[in-house]
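All values below come from the heavy atoms of this structure, side chains included, with hydrogens, waters and symmetry mates left out. Throughout, a chain's letter reflects where its sequence line sits, starting with A, and its residues are numbered from 1.
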Protein chains: 2
Amino acid sequence: MLKFAAMMTATAPAVDTPSETESVLLQIRRKGARATPARIRVLLLLRAAPAALTHHEIEQALGDRMLDRVTLYRVLDWLVVRGLAHRSTDAQRAFRFSAAAAGEHGAHTHFRCDDCGRVFCLDSAPPAAPSLPAGFSLSRIEFDLRGRCAECARG
Amino acid sequence: MLKFAAMMTATAPAVDTPSETESVLLQIRRKGARATPARIRVLLLLRAAPAALTHHEIEQALGDRMLDRVTLYRVLDWLVVRGLAHRSTDAQRAFRFSAAAAGEHGAHTHFRCDDCGRVFCLDSAPPAAPSLPAGFSLSRIEFDLRGRCAECARG
DNA sequence: GTGGCAGGTGCAACCATGTTGCATCTGGAG
DNA sequence: CTCCAGATGCAACATGGTTGCACCTGCCAC
Ligand SMILES: [Mn+2]
Ligand SMILES: [Mn+2]
Ligand SMILES: [Zn+2]
Ligand SMILES: [Zn+2]
């Protein structure tokens, strides 16, 4: 599977432009918490990523300036609880994290690559819910498309 | 969460009637493999289960006649590879297994309880796929409804 | 029926992913 | 500048799943 470092340098502009950093810093402060380097760097990464990332991929991407493993888990949990990131579970039973688009809420469509395991967030709105058995209550719809991503299909 | 043993005795008829056993035995032999007690018992269980089960729940349900942990993993893998069972990943990042309905193929709708983690297979057909980015190839649609099941909503 | 053996099983060790407890450190309010 | 709630790092633990290898057994040939 593609290393995230390569993915980033290949497809994305510099991650920590002053404007992006400023935006992230405010996003964090607005939640009434400290804008620590750990949170800032991780949120910048997620916002620049073209797909949802695993804990491991984030570690790789942080490179030499690596955070403690546990701190990274805690930063990610914090981002999710505060609604700044999403967490989903991939086919390899690992969590994947993506930045929540500002103001975004509700259901949300994904494509998961069975080969490399990456999750791509699609724009198209998910379909409406069918009726459920009696007594069941619905809180959220997850509409996942599975197959191979362009990268993996090409290789 | 509800113990599977209780679930079974409460809702299902005897699991190993001669006809069911015979059917399962043939299903296995037709794949050109040995009909071992491990495979037979596990497949009977999956076919009788009202929802997708975790490795752990299957262990519990086997009770005193427990298989080795690893053997159970291998039996489940074998069933999945041969198309006799489905595997999905639940919100607690554990695999869940269900018997593949005979001759069934293609997409397939689920309800996952956020409380007890069980996966219920619904009958309704999933919606059609939206268009994908260039180069992506679709192999399967996963349409999951999340919320609380009747059991958990009541309690 | 009775071997023989490919395929299946058990056991021990291992790995990956995520969590908990606790001592230490620091962002940012005052 | 000081102070401390909140953030971090480190060690230990938990859970779910995998690998390696010796031993066992369903099932086919005879
Ligand atoms: Mn998403
Ligand atoms: Mn199913
Ligand atoms: Zn891929
Ligand atoms: Zn439930």
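- Residue contacts for A:Arg93: at a heavy-atom cut-off of 4.0 Å it reaches a base atom on one of the strands shown.
- Taking the six-membered ring for Trp and thresholds of 30 and 60 degrees, B:His55 and B:Tyr73 have nearly parallel ring planes, at less than 30 degrees apart.
- For the pair B:Arg87 and A:Trp78, nearest-nucleotide mapping onto DNA chain D gives the more 5' position to A:Trp78.
- Judged by distance alone, the side chain of B:Arg82 and the main-chain N or O of B:Lys31 form a donor-acceptor pair under 3.5 Å.
- Within 3.5 Å, a donor on the side chain of B:Arg69 pairs with an acceptor on the base of D:dG17, or the reverse.
- Spacing between atom CZ of A:Phe95 and atom P of C:dA16 amounts to 18 Å, rounded to whole angstrom units.
- Across every non-hydrogen atom of A:Phe95 and B:Arg93, the tightest pair is CZ-CD, 3.9 Å.
- Comparing D:dT18, D:dT8, D:dG17 by their closest approach to the side chain of B:Asp77 singles out D:dT18.
- Annotation: the span from A:Gln60 atom CD to A:Thr54 atom OG1 amounts to 8.5 Å, rounded to 0.5 Å.
- Distance NZ (B:Lys31) to P (C:dG8): 14 Å, rounded to an integer number of Å.
- Atom CG in B:Leu72 sits about 15 Å away from atom C1' in C:dC11, given to the nearest Å.
- For the atom pair CD1 of B:Ile40 and CG of B:Leu25, the computed distance is 4.5 Å after rounding to the nearest 0.5 Å.
- Between the side chain of B:Arg74 and the base of C:dG10 there is at least one donor-acceptor pair of N/O atoms closer than 3.5 Å.
- At whole-Å resolution of the value, CG in B:Leu67 and P in D:dG17 are 16 Å apart.
- For B:Ala94, counting side-chain heavy atoms from C-beta on, the closest listed nucleotide (D:dT8, C:dT9, D:dG17) is D:dG17.
- For B:Asp68 and D:dC21, the CG to P distance is 17 Å, given to the nearest whole Å.
- Rounded to whole Å, the distance from CG on B:Asp90 to P on D:dG16 is 9 Å.
- As a whole-Å value, the separation of A:Gln92 CD from D:dT18 C1' is 14 Å.
- For B:Val75, taking side-chain heavy atoms from C-beta onward, the closest of the listed nucleotides C:dG10, C:dT9, D:dA11 is C:dT9.
- Atom OG of B:Ser23 is separated from atom CD1 of B:Ile28 by 9.5 Å, given to the nearest 0.5 angstrom.
- Going from atom SG of A:Cys113 over to atom CD of A:Glu151 covers 9.5 Å, rounded to the nearest 0.5 Å.
- The separation between A:Glu57 atom CD and C:dG18 atom P is 11 Å, rounded to whole Å.
- In terms of phosphate contacts, B:Tyr73 brings a side-chain nitrogen or oxygen within less than 4.0 Å of OP1 or OP2 of D:dG17.
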**OP:** Any chance you could list the contact pattern along nucleotides 22-30 of chain D? Use B for base contacts, S for sugar-phosphate-only contacts and - for none, protein heavy atoms under 4.0 Å, 5' to 3'.
**Re:** ---BBS---

